[in-house]
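Naming: A, B, ... by sequence-line order, numbering from 1 per chain.
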Amino acid sequence: MFESIKAVQLVSTYNPQSLEPEIQSRWQSQRAHSAENGEGERFYCLSMFPYPSGKLHMGHMRNYTICDVISRYQRMQGKKVLQPMGWDAFGLPAENAAMAHGVPPAKWTRDNIAHMRDQLKALGFAIDWDRELATCDPDYYRWNQWFFLRLLDRGVAYQKTGTVNWDPVDQTVLANEQVVDGRGWRTGALVEKREIPMYYLRITDYADELLAALDELEGWPDRVRVMQANWIGKSEGAAVVFQCGEHAIEVFTTRPDTLMGATFMAVAPEHPIATQAAEGRADIQAFIDECQQGGVSEADLASQEKRGIDTGLTATHPLTGDALPIFIANYVLMSYGSGAVMAVPAHDERDFEFARRYELAIVPVIERPNGEAYDATQWHDDYATKEGTLINSGRYDGLTCQQGFEAIVADLAKAGAGRAKTQFRLRDWGISRQRYWGCPIPIIHCPDCGAVPVPDEDLPVVLPEDLVPDGSGNPLKRCEAFLNTPCPRCGQPAQRETDTMDTFVDSSWYFLRYTCADNDQAMVDDNTNAWMPVDQYIGGIEHAILHLLYARFWTRLMRDEGLVDVAEPFAHLLTQGMVLAETYYRTDNAGRAQWFNPNDVDVSTDQKGRVVGATLKSDGQPVTPGGVEKMAKSKNNGVDPASLVGHYGADTVRLFSMFAAPPEQSLEWSDAGVEGAWRFLRRLWSGVAAHTEHHPDATTHATTHAPSSSDGQGEGLSRQAALDLRRQLHEAIQKVDDDFGRRYAFNTAIASLMALSNEIGRFEPETPQEVALVQECWLGLVQMIAPVTPHIAESLWQQLGQTGSVFAAGWPVCDEAALVKQAITVVVQVNGKVRDRIEVSPGLDQATLEDKAKQSDNVERFLSDKTIRKVIVVPDKLVNIVAQ
RNA sequence: GCCGGGGUGGCGGAACUGGUAGACGCGCCGGAUUCAAAAUCCGGUUCUGGAGACAGAGUGCGGGUUCGAUUCCCGCCCCCGGCACCA
């Protein structure tokens, strides 16, 4: 026995560096991952496609491993699986790289794609590479342009002005990301808000449908549905008209019941009333100018100090006729509603703060639900109640909020000063970007004909790929060859639109294109309807709102154009968590932190394993742990998947990333944890090797299909240890099937496979039937681990005497008969505290269980001086004796 | 500021429908093997007290419901994601 194991170790060691490429080339030559394979039901398994930033990072690796495990599991269920891959290849980072290195974005992007494609292939994902696409290819983006023209025809796409960040030094539009503390990231200049003409898509026309359909998206996480619902933000309220001289100012309020408590109005700095008020008033103009500074992002606007200025103008309250002062306020957004609000400081927290600051009247018009007096010096959350009774509201006094709402809206309507109104928070989608590296908007500007659509036969409008941006505006504006073209309508010299499309346009329909990537005649075709909707979509939670909402919207636009049947593109959604790692730093003399990669740091622990210090490997001097953070360049805590794959092989890295955390939670990277995954695979390898060496005949009765109860497995077993092992195998089959197929709890599935592996290793077969059982166990284990670690599984499958691919073998079948237990453990509690555990046969009746529980010595000890009040019996589980 | 999520041993996590808190892995401690080390194998490992049997405490904090709460309810604290031009 001892010698045979020794021999096995000599002839057979786990060497993923040679094994994995060999298995991968076999898959490739057999076209194992083509979506054409398989007879069964279709299963479309999709990952959010990567931005080709340079090299694969851990977030990609995690995303695609989850997708691959699900794809391979579904394939083992006999389904015809589509798992495609592509590149979200337009975008800002390519322009930044171009500026830094003087290389055109196109070259940088395509080089990155080539490198990252190789990295993906080394990870052994079952991707159908025949369907690969990149959004920067004219073959792809021509359909963006073609469809945009359809949207223009239908009036879904239209032009209006929008606000952008303007860097006055570089004379360029900045992305929100490029505005740091209100200043341009390169120039440090104070950023200004600037209005420019842009193209928009009428997503607001679909607001109701996009909202209502969320209820039916049962395969989506609740949190994503809630976030989207709140983003769309449907609110029922009233439009109320205030007169200001000859101007009518319309505002929207969700609380018309508080109208009698309105004591002032506030308008956005860009509002026409503000512009009017600034005439001849330098102080007001100065305030407006100040508001024009800084970035346009809502986070910046909403978190800044609430400030305002009195315009000196007043508006007439539509019901009381009172003159309300009109303020310009920096917290009122021109882009939401009408850019003006009525302020009811007594019942709105922001208005309350503003009124306190500028000493404006605060008039409570709802009684506090708790009956206490209104305290105008301090905000209390119940001031925003909708459950009170109206006061100080003239003839509305005594009404409930709901009654007041209706009565006041009715009176406003009668007076022609308002009406009930539904308002959405959602705004139309601005798709114009003043950038080079994107899909050109197919418009030609003619001095006579205006904005003329490019005729379909002239598509695609091809983006020149040799330009290098320098940070000062869009290089397309200086590219004569692109710019100048005759007007398609009148033929005289005209210029192309130089704005490109938001990259969210590219990512709003790429999943449709995978189904027909080789079709050069149409955007989508019959294959699209055959594959759609996507059965399982996997990607980062950071896309919960924008990308996923735009994709839902765009799919509806294509439905309404008659191009696809479905409205909802993604039936099931899994939002994966981020990948984190420990950070280490030192602070230099200037107080700046210098960050060190975890790979370059040694950590020391005390006798109990607690971390007591960390030192830099290169100099042995201490570094400070900075906590666990998202892997990022700025904290230098990124771990490169490619180098880990080089060291341990893909299977180890895949196994660790699926084992260390459930997919929806953040995953903390740990080199020691990767070692653990590596050890497990080596034990698995040597366990199988020992079995096949020691029992070579066990593998000669090999089957080419999954073992199941109908094969007569399990017959002839009598030893309890053998029955227990077989039960553990079949419990694992049940558990892993549920974890992979329903729960997506890959971590617990792997845990039970590790436990099963430990049990097989402990078991020493004594009869030929028991050897057959061990063979059954190894086969089942290899099949079940295959979706996670496909390379080692293919190899072990063959070593166990099976022919063909483990993925063709299907999924092991649970034998219910094997699950039956002889004895179960029942917990006995006294007053809710566990005092004993008793072994009983299953299915015992309540009275017997209760008696057995009371006979326990330890239980008697706790009951000695007490009277039993009540006994709760949960059959096969627990007895709780309540005593005093 | 607004919307959403999270917080359990030294660490990652498990406990799926209110019923044994800590599966599995890492780390650490002890042992075997070794001239020695690495690797490997075996045992232990929530904390406190106890030689042990066992007892007490314990799931971010404070309260509540319940025979029983990591799980449900109320109030707080901290961390993370998104906020419409990063992708």
Sequence-aligned protein contact record of nucleotides 60-78 of chain B, with B where the base is within under 4.0 Å of a protein heavy atom and S where only the sugar-phosphate is: -------B-----------
Treating primed atoms plus P, OP1 and OP2 as sugar-phosphate and everything else as base, which nucleotides of nucleotides 6-12 of chain B get B, S or - for protein heavy atoms under 4.0 Å? ----S-B
Measuring from the side chain of [X] (C-beta onward, heavy atoms only), which nucleotide among [options] has the closest atom?
X: Met227(A); options: G4(B), A87(B), A84(B); value: G4(B)
X: Ala755(A); options: C24(B), A87(B), G1(B); value: C24(B)
X: Arg837(A); options: U20(B), G19(B), G1(B); value: U20(B)
X: Asp88(A); options: C16(B), A87(B), A84(B); value: A87(B)
X: Ala751(A); options: A87(B), C24(B), C83(B); value: C24(B)

Have a look at [X] and say if it touches a base, only the backbone sugar-phosphate, or nothing, with a 4.0 Å heavy-atom cut-off.
X: Met48(A); answer: nothing
X: Pro50(A); answer: nothing
X: Thr503(A); answer: sugar-phosphate
X: Leu549(A); answer: nothing
X: Trp429(A); answer: nothing
X: Arg683(A); answer: sugar-phosphate
X: Gln434(A); answer: base
X: Arg223(A); answer: sugar-phosphate
X: Ser53(A); answer: nothing
X: His547(A); answer: nothing
X: Arg679(A); answer: sugar-phosphate
X: Phe504(A); answer: base
X: Val164(A); answer: base

Inter-residue atom distance [X].[atom1] - [Y].[atom2], 0.5 Å rounding:
X: Ile545(A); Y: Gln228(A); atom1: CD1; atom2: CD; value: 7.0 Å
X: Asp167(A); Y: Leu174(A); atom1: CG; atom2: CG; value: 5.0 Å
X: Thr109(A); Y: Trp437(A); atom1: OG1; atom2: CH2; value: 5.0 Å

On RNA chain B, compare the nucleotides closest to Thr605(A) and Val224(A); which residue's is nearer the 5' end?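 Per heavy-atom nearest nucleotide, the more 5' residue is Val224(A).
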On RNA chain B, check which nucleotide each of Ala745(A) and Asn176(A) is closest to and give me the residue with the more 5' one.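 Per heavy-atom nearest nucleotide, the more 5' residue is Ala745(A).
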Residues which pass side-chain hydrogen bond (donor to acceptor under 3.5 Å, both in side chains) with Asn474(A), listed by chain and number, not counting sequence neighbours: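 Once residues adjacent in sequence are excluded, Asn474(A) has no partner under the side-chain hydrogen bond (donor to acceptor under 3.5 Å, both in side chains) criterion.
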Among all residues two or more places apart in sequence or in another chain, which pass the side-chain hydrogen bond (donor to acceptor under 3.5 Å, both in side chains) test with Asp738(A)?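 side-chain hydrogen bond (donor to acceptor under 3.5 Å, both in side chains) list for Asp738(A), sorted by chain: Arg742(A).
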Annotated structure of RNA chain B as dot-bracket, pair cut-off 3.5 Å, Watson-Crick or G-U only, | for inter-strand, is (((((((..(((......[....)))((((((.......))))))((((....))))..(((((..]....))))))))))))....
With rounding to whole Å, what would you report as the distance between G60(B) and U71(B) at their C1' atoms?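 The answer is 16 Å between these two C1' atoms.
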Positions of residues 194-202 of chain A (non-hydrogen atom under 4.0 Å from RNA chain B), listed by number: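 RNA chain B contact set from residues 194-202 of chain A: Met198(A).
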Heavy atom of residues 91-99 of chain A under 4.0 Å from RNA chain B: which residues?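 Contacting residues: Gly91(A), Leu92(A).
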Does either side chain, that of Asn176(A) or that of Ser297(A), offer a donor lying less than 3.5 Å from an acceptor on the other one?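 Per modelled atom types, Asn176(A) and Ser297(A) side chains form no pair under 3.5 Å.
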Say whether Tyr199(A) and Asp502(A), considering side chains only, have a donor N or O and an acceptor N or O under 3.5 Å apart.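 Asp502(A) and Tyr199(A) do not have a side-chain donor-acceptor pair below 3.5 Å.
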Would you please name every residue forming a salt bridge (Lys or Arg N to Asp or Glu O under 4.0 Å) with Arg682(A), sequence neighbours left out?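 Salt bridge (Lys or Arg N to Asp or Glu O under 4.0 Å) list for Arg682(A), sorted by chain: empty.
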Look at the side-chain N and O atoms of Asn758(A) and state whether any lies under 4.0 Å from the OP1 or OP2 oxygen of C24(B).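 Indeed not, no polar side-chain atom of Asn758(A) lies that close.
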Shorter than 3.5 Å, N or O on both sides, protein versus nucleotides 51-58 of chain B: list them out with atom names.
| unit_1 | atom_1 | unit_2 | atom_2 | d |
| --- | --- | --- | --- | --- |
| C54(B) | O3' | Arg861(A) | NH2 | 3.3 |
| A55(B) | OP1 | Arg835(A) | NH1 | 3.3 |
| A55(B) | OP1 | Asn858(A) | ND2 | 3.3 |
| G56(B) | OP1 | Arg835(A) | NH2 | 3.4 |
| G56(B) | OP2 | Arg835(A) | NH1 | 3.0 |
| A57(B) | OP2 | Lys833(A) | NZ | 3.3 |

Phe354(A) and Phe352(A): aromatic ring centres closer than 6.0 Å?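 Phe354(A) vs Phe352(A): aromatic centres not under 6.0 Å.
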When the aromatic ring centroids of Tyr14(A) and Trp678(A) are compared, is their separation below 6.0 Å?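 Ring centroids of Tyr14(A) and Trp678(A) are less than 6.0 Å from each other.
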Hey, does the Lys NZ or Arg CZ of Lys160(A) hover above the aromatic six-ring of Tyr200(A), less than 6.0 Å from the centre and inside 45° of the axis?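 Checked: cation-pi criterion met.
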Set of residues satisfying side-chain contact (heavy atoms from CB on, under 4.5 Å) with respect to Met578(A), sequence neighbours excluded: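 Once residues adjacent in sequence are excluded, the partners of Met578(A) under the side-chain contact (heavy atoms from CB on, under 4.5 Å) criterion are Leu580(A), Lys630(A).
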Looking at residues at least two apart in the chain, or sitting in another chain, which of them share a side-chain contact (heavy atoms from CB on, under 4.5 Å) with Arg307(A)?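 For Arg307(A) the side-chain contact (heavy atoms from CB on, under 4.5 Å) partners, ignoring immediate neighbours, are Phe287(A), Glu290(A), Glu305(A), Asn330(A), Arg357(A), Tyr358(A).
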For G9(B), is chi within 90° of 0 (syn) or not (anti)?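 Judged by the O4'-C1' to base torsion, G9(B) sits in syn, the angle falling within 90° of 0.
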For residues 47-57 of chain A, dump all side-chain donor-acceptor pairs below 3.5 Å to protein atoms at least two apart in sequence or in another chain.
| unit_1 | atom_1 | unit_2 | atom_2 | d |
| --- | --- | --- | --- | --- |
| Tyr51(A) | OH | Ala94(A) | N | 3.1 |
| His57(A) | ND1 | Gly59(A) | N | 3.0 |
| His57(A) | ND1 | His60(A) | N | 3.3 |
| His57(A) | NE2 | His60(A) | NE2 | 3.4 |

